[in-house]
Amino acid sequence: MKREDSKHEIDYIKKYTEQGYTGTYLFEDNHLIDAETKEVYQPEDIFIVAHHRYEGMSDPDDMSILYVIETKDNRKGTHLLGYGPTADLEEAEFFKDIPKANYSKNSDINEVI
């Protein structure tokens with residue numbers, strides 16, 4: 001995973017949206033939920049296309065990871081996960097439980113875009 005200093009999360013979200021990654025996913029009750037369809041996903045249902053780590057320029061505790069995902073039913077979107085001292089541990093565990101085989105080999109945005 002590469003640390004991103006030059007861009008903000010929203011810049012990459014816009015780029016991925018232009019590529020068809022338009023879905024928004026929420027974490028609730030230990031599941032990832034499609035905000036539009038309300039479909040519920042388990043870790044094994046999620047495929048990570050790319051992920052980007054961010055650290056706040058003015059506040060190092062302002063940390064996040066943008067996940068670009070595809071689901072078992074071929075929906076595409078993004079999910080922003082906070083991490084660090086204020087992270088939701090259950091949400092972080094959910095993403096840790098996604099099988100390594102479900103991660104793209106080219107997870108760097110420069111390789112994908």
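Values reported hereafter were calculated over all heavy atoms of this structure, with side chains retained and with hydrogens, waters and symmetry mates removed. Numbers for residues simply follow the sequence, beginning at 1. Here the structure is a predicted model, which means the values were calculated and not measured.
Here the closest non-hydrogen pair linking I65 and H51 is CG2-CB, 4.1 Å. Nearest heavy-atom pair, Y16 versus A50, reported as atom, atom and distance to 0.1 Å: OH-CB, 3.2 Å. In terms of heavy atoms, P43 sits closest to P99 at O-CD, 3.7 Å.
Interatomic distance, CD1 of I13 versus OG1 of T78, reported as 5.0 Å (0.5 Å rounding). Separation of atoms CZ (R53) and OG (S64) is listed at 10.0 Å; rounding is to 0.5 Å. Taking CD1 from I69 and CD1 from I98, the interatomic distance works out to 7.0 Å, rounded to the nearest 0.5 Å. The CG atom of L32 lies 12.0 Å from the CG atom of D29; values are rounded to the nearest 0.5 Å. For the atom pair CG of N30 and CG of D97, the computed distance is 9.5 Å after rounding to the nearest 0.5 Å. The NZ atom of K72 lies 9.0 Å from the CD1 atom of I46; values are rounded to the nearest 0.5 Å.
In this structure, D88 contributes its side chain and G82 its backbone to no donor-acceptor pair below 3.5 Å.
Geometrically, K100 engages Y103 in a cation-pi contact, judged by NZ or CZ lying under 6.0 Å from the ring centre and within 45° of the ring axis.
Every side-chain hydrogen bond (donor to acceptor under 3.5 Å, both in side chains) that Q42 has, sequence neighbours left out, goes to H31. Looking at residues two or more places apart in sequence or on another chain, you find no side-chain hydrogen bond (donor to acceptor under 3.5 Å, both in side chains) involving E39. For E36, the salt bridge (charged side-chain N to carboxylate O under 4.0 Å, His left out) partners two or more places apart in sequence, or in a different chain, are R75. For the side-chain hydrogen bond (donor to acceptor under 3.5 Å, both in side chains) test, residues two or more places apart in sequence or in another chain that qualify with D73 are Y41, T71.
Classification of E18 and K15 as a salt-bridged pair fails, no side-chain N sitting under 4.0 Å from a carboxylate O.
Taking the six-membered ring where the residue is Trp, Y67 and F95 present parallel rings, their angle staying beneath 30° rather than reaching 60°.
In this structure, V49 and Y21 have side chains that are in contact, with non-hydrogen atoms separated by less than 4.5 Å.
Clustering of Ile, Leu, Val, Met, Phe, Trp and Tyr side chains at separations under 4.5 Å leaves F47 isolated, with no partner residue. In the hydrophobic clustering (ILVMFWY side chains linked at under 4.5 Å, chained through shared members), I33 is joined by V40.
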H79 vs F94, side-chain contact (heavy atoms from CB on, under 4.5 Å): CA-CA, chis, key distance, verdict: CA-CA 12 Å; H79 180 76; F94 177 90; over 6 Å; no
